[in-house]
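Following: one structure in structure tokens, then a few remarks.
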Amino acid sequence: MGTFMGHMYPGLFLVSYGLYQAIVVFKAVIVSDSLPNPSCLPRNKGRWARLWEISYRGLLKMVTGSILIAYEISCIKGGLRLMDRELPPRFMYPKEWQHLTMFILLTLNGCVDVMSKNLLPQRCVLLEKGTGVLTFYVLLMLLVSHVQGSTGVELQTHSLLVLVVFLLMLVLTIELWAPDAFHLSLIETFLFLMMGSWLVQAGFILYRPVSGYPWQDDDISDIMFITTFFCWHVMINALCLLGIYGISSFWHRWYSPSLKLTGSTEAPHYMSPKGLLYKLLPEVEQSENDEQALLLSESAP
């Protein structure tokens, strides 16, 4: 990851993931449906019907993580060794091992998503979200350690990335207790876009500056403009989400009118006890009214 492509590939993956997540969230909002986290998937469908129920997000995490693992190992000439042969032995390639740990976490997170949705008899959304939270806790620790020894431009760039990861970790943690909150899902999507676009920007800043000249660590103007670029990314990603919402709303209004009547075709996920209570109360009241009417009719002469 200590190369231009090492920042570009994870960044593009996170941007793609954020865009896909934005489309899913806005679709659920536009058709007034719940967020697509089905807790129980039917097992009696045909082979081709089951194919559409594969956890593509989990599969994408597994494939991307595996590719990044292979790329990180191939970038080290002579192989990625843990310790040298000198006395006393010393650890080698500390940053590369941290990169490898991040990519292994991404792959394992994808494995949990696929196992939960396609292998378990009932999908466990709490397991998926808990694994994601744990992944970002470990990622935050790795990034904080990763900036040790960095100065100037590199330190400022990675510090802003640590900020995004920290905020994303908080949002994912809160979602454990509020998995159906649309606002949290929207913030999560925005932070994924921020993390991805800033990784791409960091690759250009550190390894391929647009001007052709490297950024100067002792130039306060360069340090200040890194923060300015970060703020521009905040505005651009916010406008991107607004554009996706506008396009999705136009598409579902004019080209998919049936979605307003039928809603999402995905199986509904678990509801909170409070939501389930409010949903069952009218049915209970109706049954009580029917019983009272029956008793009155029997008692009448």
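Treat the numbers as computed from the prediction; the structure is a model and nothing was measured. The first residue in the sequence is number 1, and the count goes up from there. These values consider heavy atoms only, across backbone and side chains, with no hydrogens, waters or symmetry-generated copies.
The two residues Thr107 and Ile69 come nearest to each other via the heavy atoms OG1-CD1, 3.8 Å. Closest non-hydrogen pair, Val153 versus Asp217, comes out as N-OD1, 3.0 Å. Across all non-hydrogen atoms, the minimal contact from Ala202 to Thr157 is CB-CG2, 3.4 Å. A pairwise comparison of heavy atoms in Trp97 and Thr101 identifies O-OG1, 2.8 Å as the closest pair. The two residues Val114 and Met62 have their closest heavy-atom pair at CG2-SD, 3.7 Å. The two residues Ala22 and Leu241 make their nearest non-hydrogen contact at CB-CD2, 3.7 Å.
If you take CD on Glu188 and CG on Leu172, they are separated by 5.0 Å, rounding to the nearest 0.5 Å. Going from atom CZ of Phe204 over to atom CG of Leu199 covers 12.5 Å, rounded to the nearest 0.5 Å. Distance CD/Gln156 to CG/Leu161: 12.0 Å, rounded to 0.5 Å. Between the OG1 atom of Thr131 and the NZ atom of Lys129 there is a distance of 11.5 Å, given to the nearest 0.5 Å. Of the inter-residue distances, the one linking Asn109 atom CG with Leu134 atom CG reads 9.0 Å to the nearest 0.5 angstrom. Atom CE of Met102 sits about 11.5 Å away from atom CG of Leu106, to the nearest 0.5 Å.
Judged by distance alone, with hydrogens and angles left aside, the side-chain atoms of Gln216 form a donor-acceptor pair with the main-chain N or O of Pro214 at under 3.5 Å. Side chain of Thr64 to main chain of Lys61: no donor-acceptor pair is present (N/O by atom type, distance under 3.5 Å, no hydrogens or angles). Under the 3.5 Å distance criterion, the side-chain polar atoms of Ser16 are matched with a main-chain donor or acceptor of Leu12. The closest donor-acceptor contact from the side chain of Asp222 to the backbone of Trp215 lies at 3.5 Å or more, if one exists at all. A donor-acceptor pair under 3.5 Å is formed between the side chain of Thr189 and the backbone N or O of Ser185. Judged purely by atom type and a 3.5 angstrom limit, Ser116 uses its side chain to pair as donor or acceptor with the backbone of Cys124.
Looking at heavy atoms from C-beta onward, Phe136 lies out of side-chain contact with Leu105 at the 4.5 angstrom threshold. Using a 4.5 Å heavy-atom threshold, the side chains of Phe26 and Ile247 count as separate. Val234 places a side-chain heavy atom less than 4.5 Å from the side chain of Phe230. Under the 4.5 Å side-chain criterion, counting only non-hydrogen atoms from C-beta, Phe103 is in contact with Glu72. Considering only heavy atoms from C-beta on, Leu143 stays 4.5 Å or farther from Phe166 through its side chain. Side-chain atoms of Leu120 and Gln122, non-hydrogen and from C-beta on, never get closer than 4.5 Å to each other.
Criterion: ILVMFWY side-chain heavy atoms under 4.5 Å apart, direct or through other members. Under it, Val171 and Leu163 are part of a common hydrophobic cluster. When hydrophobic clusters are built by joining Ile, Leu, Val, Met, Phe, Trp and Tyr residues whose side-chain heavy atoms come closer than 4.5 Å, directly or via intermediates, Ile236 is not grouped with Trp198. Connection of Ile73 to Tyr71 is established within a shared hydrophobic cluster, with ILVMFWY side chains joined at heavy-atom distances below 4.5 Å, either directly or through further cluster members. Cluster annotation: Ile226 and Met235 are assigned to the same hydrophobic cluster (Ile/Leu/Val/Met/Phe/Trp/Tyr, side-chain heavy-atom contacts under 4.5 Å, transitive). Hydrophobic clustering of Ile, Leu, Val, Met, Phe, Trp and Tyr side chains at less than 4.5 Å, counting indirect connections, keeps Leu206 apart from Val147.
The aromatic rings of Tyr207 and His7 are tilted relative to each other, their planes meeting at an angle between 30° and 60°.
Remark: Tyr93 pairs with no residue by the ring-ring contact (aromatic ring centres under 6.0 Å, His included) rule, at least two apart or across chains. Shown here are the ring-ring contact (aromatic ring centres under 6.0 Å, His included) partners of Trp232, two or more places apart in sequence or in another chain: Phe229.
Heavy atoms of other residues, nucleotides or ligands lying less than 6.0 angstrom from CE of Met224 number 12 at most.
Using a cut-off of 4.0 Å between Lys/Arg side-chain N and Asp/Glu carboxylate O, Lys117 and Glu128 are scored as not salt-bridged. Salt bridge annotation for Arg57-Asp113: absent, with no cationic side-chain nitrogen under 4.0 angstrom from a carboxylate oxygen.
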Stepwise, does the side-chain contact (heavy atoms from CB on, under 4.5 Å) test hold for Ser248 with Val29?
CA-CA 10 Å; Ser248 300; Val29 173; over 6 Å; no
Begin from the C-alpha positions of Ile30 and Trp251 and carry the test side-chain contact (heavy atoms from CB on, under 4.5 Å) through to its verdict.
CA-CA 10 Å; Ile30 292 171; Trp251 177 267; over 6 Å; no
Run the side-chain contact (heavy atoms from CB on, under 4.5 Å) test on Leu167 and Met194 for me, step by step, so that the C-alpha distance in whole Å, both residues' side-chain angles and the decisive distance to 0.1 Å come before the verdict.
CA-CA 11 Å; Leu167 295 176; Met194 277 297 305; over 6 Å; no
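Applying the side chain to side chain donor-acceptor pair (under 3.5 Å) test between His146 and each of His158, Gln98, Lys95 identifies Gln98 as the sole match.
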